[in-house]
Visitor: 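Shown below is the structure under consideration.
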Amino acid sequence: MEFDLLVHNIGQLILPKGTKRPLKGQEMKQLNIMENAAIGVIDGKVAWLGPEAEAVTFSAKERVNANEKVVSPGLVDPHTHLVFGGSREHELSLKQAGVPYLEILAQGGGILSTVTSTKNATEEELFEKASFHLERMISHGVTTFEAKSGYGLDPETELKQLRVVKRLKEKYPISIVSTFLGAHAVPPAYKGKEDQFLTEMAELLDEIKEYELAEFVDIFCETGVFTIEQSRQFLQKAKEKGFGLKIHADEIDPLGGAELAAYLEAVSADHLVAASDEGIDRLSKSNTVAVLLPGTTFYLGKDQYARARKMIDEGAAVALATDFNPGSCVTENLQLIMSLAALKLKMSAEEIWNAVTVNAAHAIGKGMEAGTLETGKDANFVLWDIPNYKYIPYHFGVNHVQSVYHSGNKLWERMPYGEIQLSSAR
Ligand code: IZC
Ligand code: ZN
């Protein structure tokens with residue numbers, strides 16, 4: 001057997017367990033680690049995984065020495081608002097003055113401020129800007145992710161955002177999942193006419209389906225945005241039209257979004273900071289993935305984080321995401337979220353790795369393709385410049401990626417040490 005690529009001398013090869021459904025509860029504590037390992041790639045697929053001692057017997061067109069460091073599957077970020085115009089740094093002083101997130105939104109800022117910038121941007125501008133953020137995500141180890149619309153709130157701009165995601169899928173070899181979030185906020189002209197707004201957004205579903213502009217439909221179910229009943233009706237319509245469902249659930253107030261997600265068999269319920277005991281119980285009894293976004297809780301300056309321990313102890317499937325967006329979590333760095341999961345959600349390193357790989361893949365309907373390294377699957381993996389898998393949550397806020405591979409091709413590589421231009425700095 002001759003490999004196209006052989007990555008050898010891997011200190012720890014992280015092998016989350018792939019199954020037809022997400023890992024739930026105690027299963028999340030299991031993380032298979034192969035020490036002194038190697039991976040052989042043929043035609044972009046994993047052809048062989050095994051001990052270093054055997055690897056030396058194979059021939060390969062290209063050999064990469066992992067220098068006894070760590071290799072994992074490419075990370076999966078299952079919740080991002082990647083495509084948007086403008087930025088909201090001016091709102092930071094409002095946050096410092098204690099103005100709550102929903103209050104900023106009620107005053108026409110927040111999401112609505114990004115809606116204005118996104119309407120004013122051309123499709124080309126949005127595409128360039130999203131490409132920039134996407135490349136930063138890749139450089140932080142992500143090879144599969146989800147991107148939502150939701151900064152248009154009118155047919156033209158929502159479709160513009162979704163077309164940008166479709167073009168990103170064509171430009172980049174990585175795997176991108178698209179979600180229609182037309183129900184992200186109530187435009188000022190529709191205040192008091194929320195039902196009419198949702199009817200108009202639902203009228204886009206056929207076109208979105210026909211042009212394959214999104215696989216999932218999502219709604220912001222929250223006080224001052226959309227009620228549980230409105231969310232149920234809207235998501236039900238989307239389900240009937242063949243979309244997968246996601247829901248921004250119980251982020252700030254416990255409206256019952258978790259219960260609704262389980263009832264509708266949504267692929268994920270996201271945020272869940274305020275999810276009730278009943279909601280956690282329902283999620284535990286379902287295969288709906290609880291996608292937790294501790295970066296958002298941190299960025300909004302909240303003391304109470306999602307109850308990850310209770311969720312896992314009761315048997316729920318938990319995944320982690322950045323929630324990358326211009327207002328409530330401005331980072332593309334999923335490694336930072338892994339640190340917050342350890343420090344704030346009290347998740348173990350094993351649970352965290354499962355939550356950013358196999359469970360994150362299930363949270364976007366890619367559980368059979370992404371998030372694991374198995375023979376026959378796409379060779380999407382990351383070489384990490386870390387001594388062991390527990391190191392990422394510990395050393396926080398920086399990028400530990402050495403290089404990122406998708407289908408056996410190197411997508412990104414860090415500049416080697418010693419490349420700082422000392423002489424020109426004088
Ligand atoms: O732009 O503030 N929570 N939607 C719901 C967001 C955060 C994104 C934003
Ligand atoms: Zn979100």
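First listed ligand is number 1; within each ligand, the first listed atom is number 1.
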Visitor: Would you check the N or O atoms of His248, main chain and side chain alike, for any that come under 3.5 Å of an N or O of ligand 1?
Guide: no

Visitor: Distance under 4.0 Å to a non-hydrogen atom of Tyr151: what atoms of ligand 1 satisfy this?
Guide: 1 (O), 8 (C), 9 (C)

Visitor: Please work out whether any backbone atom (N, CA, C, O) or any side-chain heavy atom from C-beta onward of Glu91 is under 4.0 Å from ligand 1, and answer side chain, backbone, both or neither.
Guide: neither

Visitor: Under 4.0 angstrom from ligand 1, any heavy atom of Ser328?
Guide: yes

Visitor: In this structure, does ligand 1 have an atom that sits under 4.0 Å from one of the heavy atoms of Ile111?
Guide: yes

Visitor: What do you reckon, does Tyr101 put a non-hydrogen atom under 4.0 Å from ligand 1?
Guide: yes

Visitor: Pick from Asp313, Asp277, Asp250: which one makes a salt bridge (charged side-chain N to carboxylate O under 4.0 Å, His left out) with Arg307?
Guide: Asp277

Visitor: Are any of the N/O atoms in Thr114 less than 3.5 Å from those in ligand 1?
Guide: no

Visitor: Would you find more than 12 non-hydrogen atoms of other residues, nucleotides or ligands less than 6.0 Å from Lys171 atom NZ?
Guide: yes

Visitor: Below 4.0 Å, non-hydrogen atoms only: which portion of Glu222 touches ligand 1? Side chain, backbone, both or neither.
Guide: neither

Visitor: Here's a test for you: under side chain to side chain donor-acceptor pair (under 3.5 Å), which of His79, His184, Glu222 qualifies with His248?
Guide: His79

Visitor: Among Lys160, Lys166, Arg167, Lys129, exactly one meets salt bridge (charged side-chain N to carboxylate O under 4.0 Å, His left out) together with Glu123. Which residue is that?
Guide: Arg167

Visitor: I want to confirm something. Looking only at heavy atoms, which of Phe220, Phe324, Tyr299 is nearest to atom 5 (C) of ligand 1?
Guide: Phe220

Visitor: Are there over 12 heavy-atom neighbours, none belonging to Lys344, within less than 6.0 Å of that residue's NZ?
Guide: no

Visitor: I'd like to know if the side chain of Thr372 reaches the main chain of Lys17, judged simply by a donor and an acceptor atom lying under 3.5 Å from each other, with no hydrogens or angles considered.
Guide: no

Visitor: Report, as a single number, the protein N, O or S atoms less than 2.8 Å from the Zn ion (ligand 2).
Guide: 4

Visitor: Table please: side-chain donor-acceptor pairs of residues 68-76 below 3.5 Å, with sequence neighbours left out.
Guide:
| from | atom 1 | to | atom 2 | distance (Å) |
| --- | --- | --- | --- | --- |
| Lys69 | NZ | Asp385 | OD1 | 2.5 |
| Ser72 | OG | Trp384 | NE1 | 2.8 |

Visitor: For ligand 1, is there an atom lying under 4.0 Å from some heavy atom of Arg88?
Guide: yes

Visitor: Within the distance-only criterion (no hydrogens, no angle test), does the side chain of Asn359 pair as donor or acceptor with the backbone N or O of Pro22 below 3.5 angstrom?
Guide: no

Visitor: Can a cation-pi geometry be assigned to Arg414 and Tyr417, taking NZ or CZ under 6.0 Å from the six-membered ring centre and within 45° of the ring axis?
Guide: yes

Visitor: Keeping Gln304 on the side-chain end and Val273 on the backbone end, is there a donor-acceptor pair under 3.5 Å?
Guide: yes

Visitor: Only heavy atoms of His184, strictly under 4.0 Å: list the atoms of ligand 1 that pass.
Guide: 4 (N), 5 (C), 6 (C), 8 (C)

Visitor: Any donor-acceptor pair under 3.5 Å linking the side-chain atoms of Ser139 with those of Glu332?
Guide: no

